[in-house]
Amino acid sequence: MSDVVVRFPPSPTGYLHIGGARTAIFNWLFARKHGGKFILRIENTDTERSTRESVEGILDGLRWLGLHWDEGPYFQNDFHKEHIRAAQMLLEMGLAYKCFCSKEELDKRRQQALHEKRSIGYDGRCRGLSQDEVKKREKKGIPYVIRFKVPEREGKIGYDDKVLGRIEKDYSEIEDFVIVRSNGTPLYLLCNVVDDIRDGITHIIRGQDHMANTIRQLLLYEALKKTPPVFAHMPLTLDPRKRKISKRTHGEVVSVQFYRERGFLPWALVNFLVLLGWHTSDNREIFSKEELIEAFSIEGISKANSVFNFNPDDKEKIKKFFTDPKALSINAHYLRTMPVDELYEYVKEDFIKSNLWRKEYEDEKKEWFLSTIDLIRSRFHTIKDFARYGRAYFADDFPIDEKALKKNILKHPQLKALLPMLSDVLNGLETWNIELLEDIVRAFCEKEGVKPGIVINGIRTVITGQLKGPGIFDCMVAIGKDRVIKRLAHLAK
RNA sequence: GGUCCCAUCGUCUAGUGGCCUAGGACGUCGGCCUCUCACGCCGAAAACAGGGGUUCGAGUCCCCUUGGGACCGCCA
């Protein structure tokens with residue numbers, strides 16, 4: 001095993017969303033690529049917003065995507081004492097100080113600064129408080145936070161970002177940030193560093209929205225006398241209006257769960273997501289798990305943010321694209337190319353939910369089931385389509401598409417008599433296979449003087465309810481003699 | 001307002017000074033196949049944000065402008 005150790009540290013304040021999943025994917029891939037370790041750590045120091053359900057939701061999402069972690073989940077809360085100790089140490093070493101400014105005061109000052117068009121950072125007024133002054137205020141019971149004392153140095157602090165290159169910032173422009181709340185609980189900036197040190201994290205791959213944190217955390221590493229890990233800041237994923245994607249403003253469309261429920265294959269989602277801001281030099285787009293791990297490299301991560309072109313206006317309207325067309329197309333690709341017996345598991349799961357599942361599909365009718373989903377899958381985009389557009393193959397209560405009815409039946413009134421006639425002809429058949437059916441149907445058309453296309457499309461509409469579908473004789477075989485003749489005979493209604 | 005990041009077709013992207021007449025994928029449009037649709041195949045429309053440099057030569061390097069984004073919490 002190499003010495004690569006990475007982590008995915010979600011905060012359990014909601015479901016796993018696309019952005020988080022993407023970060024997890026990149027970290028996971030990096031670990032797998034280098035034979036390293038992928039640690040899952042739940043950052044639940046914000047106890048007010050953290051919930052048990054979201055922890056479960058996140059784990060569930062990661063498992064579904066197939067992103068297996070090697071260690072954890074660890075819970076940040078469990079290391080509370082370590083975090084406190086670190087803060088104490090910084091305080092004792094004079095690298096941090098107590099700040100007695102109240103939240104209200106700070107808010108007011110920020111407002112004022114904004115108003116006066118100044119920088120709105122903390123001005124460091126408690127930094128120079130004398131020992132006596134500090135003691136006096138403590139005695140009075142004034143609450144305080146602990147702030148990190150940014151070194152008073154000339155020049156810049158910086159690091160070499162693996163995707164962005166050299167990043168630097170003037171010491172003078174960094175404000176003294178809070179590391180412990182007035183209620184005594186340490187904050188993310190500190191906890192995160194302490195945990196990363198303890199876990200031996202070697203590479204931190206996270207969103208560009210963390211860049212300001214990185215600068216401050218670098219200071220923390222220095223103060224704690226530890227070598228910082230390598231940083232790589234990934235581009236953000238944006239909504240179609242180019243806003244950062246968030247659970248709060250975008251809702252379920254950006255959750256992993258949403259894609260699961262809408263019939264995505266987990267690997268298709270991973271494959272799509274990894275393409276958002278990453279590429280190989282040969283521009284390949286479809287990867288198996290092994291291929292992706294092999295191909296992955298941080299060098300392929302782009303600097304620019306990318307748009308996840310989901311459909312934000314989809315208000316339950318049935319649209320052709322309920323999410324990014326490319327995501328759908330990748331999903332469709334896997335749907336029609338993956339081994340049928342793998343697909344079987346997904347369809348089964350969905351059919352159980354849709355009440356279409358029958359026990360015999362796993363034993364005596366399994367072969368039929370497999371060949372049927374194989375037959376119809378090439379025009380589907382999601383797992384849901386099997387129950388939606390393929391219902392007629394598995395049940396007798398299926399809807400007839402309005403358009404199909406109009407175009408293929410009503411337009412040709414003679415079908416009303418012809419199809420029941422054909423039904424009788426078919427009823428007399430002893431065998432039931434593609435070649436025979438084709439001969440019979442075509443002969444029937446010739447005899448009745450109708451174009452085969454009219455009859456064939458009529459049959460399709462009647463037996464599948466659909467405007468489109470596989471070759472008709474395949475359909476007839478898949479649906480079976482009994483059901484076909486029954487459906488054709490019933491046209492009278 | 002301050003700081004930082006970014007900038008090639010509608011979207012994801014290739015491109016690291018000459019191989020660019022800017023390539024691919026998705027989507028769109030047209031065609032082939034055909035009983036329909038899909039698949040597959042063929043084809044079309046579609047981009048280097050603008051301006052200055054540097055250079056024999058710039059999508060590629062530098063500067064400015066513009067545009068977009070992120071961050072500026074006792075959230076993570």
Side-chain angles (χ1 to χ4, degrees), chain A residues 9-13 43-46 48-50 76 99 101-103 106-107 110 113-122 143-147 161 164 167-170 173-175 177-183 185 187-189 191-192 207-213 215 233 235-236 238 240 242-244 272 275-286 302-309 320-321 324-330 332-333 336-337 376-381 389 404 407-408 438 441-442 445 451-461 466-473:
Chain A
S11 65
T13 55
E43 311 249 298
N44 58 350
T45 49
D46 184 1
E48 281 177 31
R49 298 198 303 154
S50 300
Q76 196 159 56
C99 166
C101 300
S102 74
K103 246 184 230 179
L106 291 169
D107 264 349
R110 266 194 283 268
L114 205 58
H115 188 73
E116 292 168 10
K117 300 186 175 178
R118 286 184 289 109
S119 170
I120 55 184
Y122 177 67
Y144 63 86
V145 298
I146 299 178
R147 281 182 190 274
D161 192 291
L164 263 11
I167 302 292
E168 292 181 319
K169 192 167 176 98
D170 259 66
E173 275 164 357
I174 311 168
E175 60 176 303
F177 51 93
V178 178
I179 52 177
V180 180
R181 295 183 179 90
S182 56
N183 69 4
T185 59
L187 254 14
Y188 166 79
L189 244 11
C191 301
N192 197 246
Q208 287 181 9
D209 49 348
H210 278 283
M211 285 176 69
N213 290 334
I215 289 292
H233 290 100
L236 268 15
L238 273 22
K242 294 198 185 340
R243 300 282 157 192
K244 180 175 142 185
F272 167 72
L275 255 20
L276 241 39
W278 175 84
H279 62 89
T280 53
S281 49
D282 59 0
N283 234 343
R284 256 187 309 160
E285 302 207 311
I286 299 290
S302 47
K303 296 181 181 181
N305 294 341
S306 50
V307 172
F308 174 28
N309 217 352
K320 189 169 176 192
F321 303 114
D324 197 305
K326 191 151 188 169
L328 250 5
S329 121
I330 291 177
H333 170 87
R336 65 172 177 265
T337 56
I376 60 183
R377 64 174 166 165
S378 85
R379 66 222 79 213
F380 293 165
H381 291 90
Y389 304 123
K407 190 176 165 195
N408 295 334
E438 174 144 23
V441 171
R442 289 196 188 273
C445 291
K451 275 199 218 158
I454 293 175
V455 170
I456 288 173
N457 286 326
I459 299 173
R460 174 171 295 108
T461 302
Q466 296 291 310
L467 186 58
K468 36 193 180 175
I472 195 62
F473 307 108

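Residue numbers begin at 1 in each chain, while the letters A, B, ... track the order of the sequences. Keep in mind that the numbers below use all heavy atoms, side chains included, and drop hydrogens, waters and symmetry copies.
B:G73 and B:C63 have their P atoms separated by 30 Å, given to the nearest Å. Taking atom P in both B:G51 and B:A45, one finds a spacing of 25 Å when rounded to whole Å. Going from the C1' atom of B:A14 to that of B:U3 covers 33 Å, rounded to whole Å.
Residue A:Phe473 contributes atom CZ, which lies 9 Å from atom P of B:C35 at whole-angstrom precision. Per the geometry, NZ belonging to A:Lys244 stands 8 Å off P belonging to B:C72, to the nearest Å. Taking atom CG of residue A:Asn457 and atom P of nucleotide B:A38, one finds them 13 Å apart after rounding to whole Å. Protein atom CE of A:Met211 is 7 Å distant from nucleotide atom P of B:C6, rounded to whole Å. Between A:Leu189 atom CG and B:C72 atom P there is a gap of 10 Å when expressed in whole angstrom units. Atoms CD (A:Glu168) and P (B:C5) sit 10 Å apart, rounded to a whole Å.
Pairing for B:C9 is absent, judged as Watson-Crick or G-U wobble with the two contacts each under 3.5 Å. Using Watson-Crick or G-U wobble geometry with both donor-acceptor distances under 3.5 Å, B:C56 finds its partner in B:G18. Pairing for B:A49 is with B:U65, a Watson-Crick or G-U wobble pair whose two hydrogen-bonding atom distances lie under 3.5 Å. Pair check for B:C72 finds B:G1; Watson-Crick or G-U wobble, both atom distances under 3.5 Å. Searching all strands for a Watson-Crick or G-U wobble partner of B:C41 with both distances below 3.5 Å returns B:G31.
Using a 4.0 Å cut-off, some side-chain N or O of A:Arg110 falls inside it from OP1 or OP2 of B:C74. One finds no side-chain N or O of A:Thr13 lying less than 4.0 angstrom from the OP1 or OP2 phosphate oxygen of B:C75. When the side-chain nitrogen and oxygen atoms of A:Arg284 are compared with OP1 and OP2 of B:A14, none of them lie within a distance under 4.0 Å. When the side-chain nitrogen and oxygen atoms of A:Arg336 are compared with OP1 and OP2 of B:G40, one or more of them lie within a distance under 4.0 Å. Remark: A:Arg181 is not in phosphate contact with B:G73, judged by side-chain N or O atoms under 4.0 Å from OP1 or OP2.
Residue-level contact check: A:Gly471 touches the bases, meaning some heavy atom is under 4.0 Å from a base atom. Using a 4.0 Å heavy-atom distance criterion, A:Thr45 is classed as a sugar-phosphate-only contact. Among the heavy atoms of the strands lying under 4.0 Å from A:Glu173 are primed sugar atoms or P, OP1, OP2 only; no base atom is included. Looking at heavy-atom distances under 4.0 Å, A:Ser306 makes contact with sugar-phosphate atoms alone, never a base. Among the protein residues, A:Asn283 comes within range of the nucleic acid bases, having at least one heavy atom under 4.0 Å from a base atom. Within the 4.0 angstrom heavy-atom criterion, base atoms lie near A:Cys101. At the heavy-atom level, A:Leu275 lies under 4.0 Å from the strands shown only through sugar-phosphate atoms. Residue contacts for A:Ser302: at a heavy-atom cut-off of 4.0 Å it reaches the sugar-phosphate backbone alone, with no base atom in range. In this structure, A:Gln466 reaches neither bases nor backbone, as no heavy-atom distance under 4.0 Å exists between it and the strands shown.
If you check B:C39, B:C35, B:U11 against the side chain of A:Ile456, the one that comes closest is B:C35. Between B:A70, B:A76, B:A7, one nucleotide has an atom nearer to the side chain of A:Ser11 than all others, and that is B:A76. In the set B:G27, B:U11, B:C74, the nucleotide with an atom closest to the side chain of A:Lys103 is B:C74. The A:Val307 side chain lies nearest to B:C12 when the options are B:C12, B:G69, B:C6.
Between A:Phe272 and A:Phe308, the gap from one ring centroid to the other is short of 6.0 Å.
In the model, A:Asn408 has a side-chain atom that pairs as donor or acceptor with a side-chain atom of A:Thr461 under 3.5 Å.
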